[in-house]
Peer 1: 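To start, I am sharing the structure in question, which I have written as structure tokens.
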Amino acid sequence: MTAGLHVLCHGMSEPALNAIASASELVVRFGHQIVLDQASLTIVDGERVGLVGRNGSGKSTFLQIAAGVLAPDAGELNRRRDLVVGYMPQMFALEENATVHANILAGAQRVLDLIEEYESAPPESARSGILLDKIAHFDGWNLEHRIKSLITNLHAPDPDRVVSTLSGGEKRRVALCRALLARPDFLILDEPTNHLDTESIGWLEDFLARYSGTCLFVTHDRYFLDRIATRVVELAQGKFYSYAGNYTDYLLARAERQAVEEMQENKRQKFLKRELAWVRKAPRARRTKSVDRVERYFEMAAQEAPEAEIEVDLIIPPAPKLANRVIELRELTMELGGQVLIGNLSLNLAPGERLGIVGRNGLGKSTLLKIMLGQLQPTRGEVEIGARTEMNYVDQNRLLLDDAKTVWEEVGEGSEFVRLGQENITLRGYLRRFLFTEERINTKIDQLSGGERSRVLLAKILKRGGNVLILDEPTNDLDLGTLRLLEEALVAFQGNVIVVSHDRYFLNRVCTAILAFEGDGRIRYAVGNYDYYLEKRAAEEKPTAATESLPNEPTAAAPGPRKLKWKEERELEGMEAAILVAEAEVVRLERACNSPDPRANATDYARLGVKLRAAQDDVAQLYARWAELGATANVLPQSSR
């Protein structure tokens, strides 16, 4: 990547007063690895910055520097005076012997100190007025109400529970509540969606979309990035690369930047090839010009080519052949502590099916997996496992890794080869498929990032094989590149996949069916991906136009259809023409996508794809509006007249 491209974030052009934090020439080294290499970045008041990059690239390290808990080896980070910072790291610490309520309230300690000072200050003093304004700015008088709201909406544990009794996921939700409570000027979140259910993630998206402060966050949730980020910053090879807009904007702009870099590198290589032939001739005439030309050649030859990303396929060992029966559940019921988690569930997993299990935390998803694995016995019902079924389970809590071992030692377990179907591949080649470079293969576990540790565990567990992969929250801590590779590997896998996940993009990409835990023992099965399940549920829950009357009671007269307003009548009259125009645009874009232009590049097709999806959405919305207006006017819209 060319040095001239690194960082220039749109905040640089803003007035200096709008910058709340500015990192200048940051350098951080861990042993021989340079994580930040004279990296600079400015963060502007009110923006929501999504920080992306491969595992181990230094994202969490930079968040620690931004939060003031880690000093760089060189360079500096300047923050606005009196800036209030809220920070939730990946590895957080709670007061184990205190209650959930006490831990959450501790996040607003600065506000509590302001309230205490205000209550002891003379009412008529100037200081009292300043304190009152500060407390109002942080909504300090409503702390208890906001604690209740956070606990409810993030499905955190009961406020009276002691933290030491909580699971890891419950503790994480408590830590998130604590970070959000104070409403800081600068909110820093490291993987905030980990261990959150889809309802909680949706609430958090709404909260951050309305948030008046500045937010810097790292997440693997692509929908979250798309809906929240106003700027995406990529950390790669120790430098920051800034892109205005959300995740989709970032993907398009990044592809364009890489295409430009590739074109420039091709020109440089052609120049070097041409000049090398000239240099070898060593012309003696025009000696001064010759020296300049030779110097130009060596100057161009000394430039570094853009570092190519590691692009490999993550291959799961081929699945042994399945029988017709894989896993069958018959009238399964599971009760724990007087609560019905699973109520009379019958399910026959079809060979090759990829089943996504969704629902709020604590409803019994992991319990169902343990019943399938024979680790728990159901209260009632039967589980029958097929004769050829070989299950491979990736636990939510994951296996413990030996921090003293290297990646090579931990995954290899004494062998230099990994069996993939009928062939052996080298351990080194296998680890490269999990994006480990030569240097990282020999790195000790205790020096890896959280995401790299997750990749080590996946590599260690998946090499065991099996024809039914059971994955409990596999996406936690994985970077976006690894997630894409894992998705592609699971789609290509010929066996069965059962996955518990809250990652909506992952569920849509991988799953062919959804098993949804909806509470009170109710479990709904739906063929299709996660979005299709949501559509079906919304359609079923939509109230009907007429209500059923009770026996022996008079039926209330249903209100007659209202008349269309004049503006709506004109809209209905022009609807058919609008649909024809929109459909023609879809046809045009489809033809453009399906007829490759030799002059076009990947960026052009990416843009066409985005336009095509938008055009298809427009057609769907027009048809929905046509049906709505037609129903109101008591007219049935038809596809043609």
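Values in this document were obtained by computation on a predicted structure and should not be read as measured data.
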Peer 1: Do the non-hydrogen side-chain atoms of Leu196 and Leu176 ever get within less than 4.5 Å of each other?
Peer 2: yes
Peer 1: If you round to the nearest 0.5 Å, how far is CG of Asn529 from CD1 of Ile514?
Peer 2: 7.0 Å
Peer 1: Donor-acceptor pair, distance only, cut-off 3.5 Å: does the side chain of Asn246 make one with the backbone of Thr248?
Peer 2: yes
Peer 1: Is any side-chain N of the basic residue among Asp403 and Arg453 closer than 4.0 Å to the acidic one's carboxylate O?
Peer 2: yes
Peer 1: Show me the side-chain donor-acceptor pairs of residues 153-162 shorter than 3.5 Å, one per line, residues at least two apart or across chains.
Peer 2:
residue: Asn153; atom: ND2; partner: Ser149; partner atom: O; Å: 2.8
residue: Asn153; atom: ND2; partner: Ser149; partner atom: OG; Å: 3.1
residue: His155; atom: ND1; partner: Asp197; partner atom: OD1; Å: 3.4
residue: His155; atom: ND1; partner: Asp197; partner atom: OD2; Å: 2.9
residue: His155; atom: ND1; partner: Ser200; partner atom: OG; Å: 2.9
residue: Asp158; atom: OD1; partner: Asp160; partner atom: N; Å: 3.0
residue: Arg161; atom: NH1; partner: Glu170; partner atom: OE2; Å: 3.3
residue: Arg161; atom: NH2; partner: Thr165; partner atom: O; Å: 3.2

Peer 1: With the side chain counted from C-beta on, respond yes when Leu94 and Leu166 share a heavy-atom pair under 4.5 Å apart, and no when they do not.
Peer 2: no
Peer 1: Examine distances only and state if a side-chain atom of Arg455 and a backbone atom of Leu435 form a donor-acceptor pair shorter than 3.5 Å.
Peer 2: yes
Peer 1: What distance separates Arg433 CZ from Ile316 CD1, expressed to the nearest 0.5 Å?
Peer 2: 12.0 Å
Peer 1: What is the distance from atom NZ of Lys148 to atom CD1 of Ile104, rounded to the nearest 0.5 Å?
Peer 2: 12.5 Å
Peer 1: Within the side chain of Asn55, is there an N or O that forms a donor-acceptor pair under 3.5 Å with the backbone of Asp479?
Peer 2: yes
Peer 1: What's the verdict on side-chain contact (heavy atoms from CB on, under 4.5 Å) for Val491 and Arg354, showing C-alpha distance, side-chain angles and the deciding distance?
Peer 2: CA-CA 8 Å; Val491 169; Arg354 297 190 297 273; 4.2 Å; yes
Peer 1: Just wondering, more than 12 heavy atoms not from Asn142 lying within 6.0 Å of its CG?
Peer 2: yes
Peer 1: Between Leu322 and Gly495, which heavy-atom pair has the shortest distance, and what is it?
Peer 2: CD1-CA, 4.0 Å
Peer 1: Judged by atom type as modelled, is there a donor-acceptor pair below 3.5 Å linking the side chain of Tyr430 to the main-chain atoms of Ala459?
Peer 2: yes
Peer 1: What's the spacing between Ile425 CD1 and Arg419 CZ if we round to 0.5 Å?
Peer 2: 11.5 Å
Peer 1: Would you say CD of Glu144 has more than 12 non-hydrogen atoms from neighbouring residues, nucleotides or ligands within 6.0 angstrom?
Peer 2: yes
Peer 1: Could you tell me if Arg227 sits above the aromatic ring of Tyr223, with its cationic atom closer than 6.0 Å to the ring centre and no more than 45 degrees from the axis?
Peer 2: yes
Peer 1: Do side-chain atoms of Lys463 reach the backbone of Val411 as a donor and acceptor pair under 3.5 angstrom?
Peer 2: yes
Peer 1: Just wondering, do Val383 and Leu329 contact through their side chains at under 4.5 Å, heavy atoms?
Peer 2: yes
Peer 1: Give the minimum heavy-atom separation between Gly50 and Ala229, together with the two atoms involved.
Peer 2: N-CB, 4.3 Å
Peer 1: With no hydrogens and no angle check, is any side-chain donor or acceptor of Ser164 less than 3.5 Å from a backbone partner on Asn97?
Peer 2: no
Peer 1: For Gln494, I'd like to know if atom CD has over 12 heavy atoms of other residues, nucleotides or ligands within 6.0 Å.
Peer 2: no
Peer 1: Decide side-chain contact (heavy atoms from CB on, under 4.5 Å) for Leu507 and Tyr533; before the verdict, give the C-alpha distance in whole Å, the side-chain angles of both, and the deciding distance to 0.1 Å.
Peer 2: CA-CA 11 Å; Leu507 290 166; Tyr533 152 72; over 6 Å; no
Peer 1: Testing the basics here: between Ser60 and Asp190, what is the closest heavy-atom pair and its distance to 0.1 Å?
Peer 2: OG-OD2, 2.7 Å
Peer 1: State, yes or no, whether a side-chain contact exists between Ile523 and Leu363 at a heavy-atom distance under 4.5 Å.
Peer 2: no
Peer 1: About how many Å separate NE2 of His502 and NE2 of His195, when rounded to the nearest 0.5 Å?
Peer 2: 9.0 Å
Peer 1: Thinking salt bridges, do Arg172 and Glu473 make one under a 4.0 Å N-O criterion?
Peer 2: no
Peer 1: Less than 4.5 Å apart, any side-chain heavy atom of Lys365 and any of Asn361?
Peer 2: yes
Peer 1: Mind checking whether Val326 and Glu353 have side chains closer than 4.5 Å, heavy atoms only?
Peer 2: no
Peer 1: Starting from the C-alpha separation in whole Å, work towards a yes-or-no answer on side-chain contact (heavy atoms from CB on, under 4.5 Å) for Tyr505 and Asp226.
Peer 2: CA-CA 11 Å; Tyr505 194 101; Asp226 230 17; over 6 Å; no
Peer 1: Give the intermediate values and the outcome of side-chain contact (heavy atoms from CB on, under 4.5 Å) for residues Leu332 and Leu368.
Peer 2: CA-CA 10 Å; Leu332 197 73; Leu368 178 61; 3.9 Å; yes
Peer 1: Can you give each donor-acceptor pair under 3.5 Å made by side-chain atoms of residues 369-382, sequence neighbours left out, with the distance rounded to 0.1 Å?
Peer 2:
residue: Thr379; atom: OG1; partner: Glu335; partner atom: N; Å: 2.9
residue: Glu382; atom: OE1; partner: Arg330; partner atom: NE; Å: 3.2
residue: Glu382; atom: OE1; partner: Arg330; partner atom: NH2; Å: 3.0

Peer 1: State, to 0.1 Å, how close Cys215 and Leu189 come at their nearest heavy-atom pair, and which atoms those are.
Peer 2: SG-CD1, 4.3 Å
Peer 1: Are side-chain heavy atoms of Leu208 and Phe217 found at a separation under 4.5 Å?
Peer 2: no
Peer 1: Which atom names give the shortest non-hydrogen contact between His220 and Thr475, and what distance separates them?
Peer 2: NE2-OG1, 3.5 Å
Peer 1: Around atom CZ of Phe92, are there more than 12 heavy atoms from other residues, nucleotides or ligands closer than 6.0 Å?
Peer 2: yes
Peer 1: CG of Asn496 to CG of Leu469: how many Å apart, nearest 0.5 Å?
Peer 2: 9.0 Å
Peer 1: Can you give me the closest heavy-atom contact between Leu478 and Ser454, atom names plus distance?
Peer 2: CD2-CB, 3.6 Å
Peer 1: Under 3.5 Å, is there a donor-acceptor pair between the side chain of Asp503 and the main chain of Asp221?
Peer 2: no
Peer 1: Could you check if a side-chain atom of Leu490 sits within less than 4.5 angstrom of a side-chain atom of Phe506, using non-hydrogen atoms only?
Peer 2: yes
Peer 1: Does any N or O in the side chain of Asn392 come within less than 3.5 Å of the main-chain N or O of Ile461, such that one atom is a donor and the other an acceptor?
Peer 2: yes
Peer 1: Salt bridge or not for Arg54 and Glu452, using N-O below 4.0 Å?
Peer 2: no
Peer 1: Could Glu488 and Arg484 be called an ion pair, given the rule that one side-chain N must be under 4.0 Å from one carboxylate O?
Peer 2: yes
Peer 1: Is the backbone N or O of Val100 less than 3.5 Å from a side-chain atom of Asn103, with the two atoms forming a donor-acceptor pair by type?
Peer 2: no
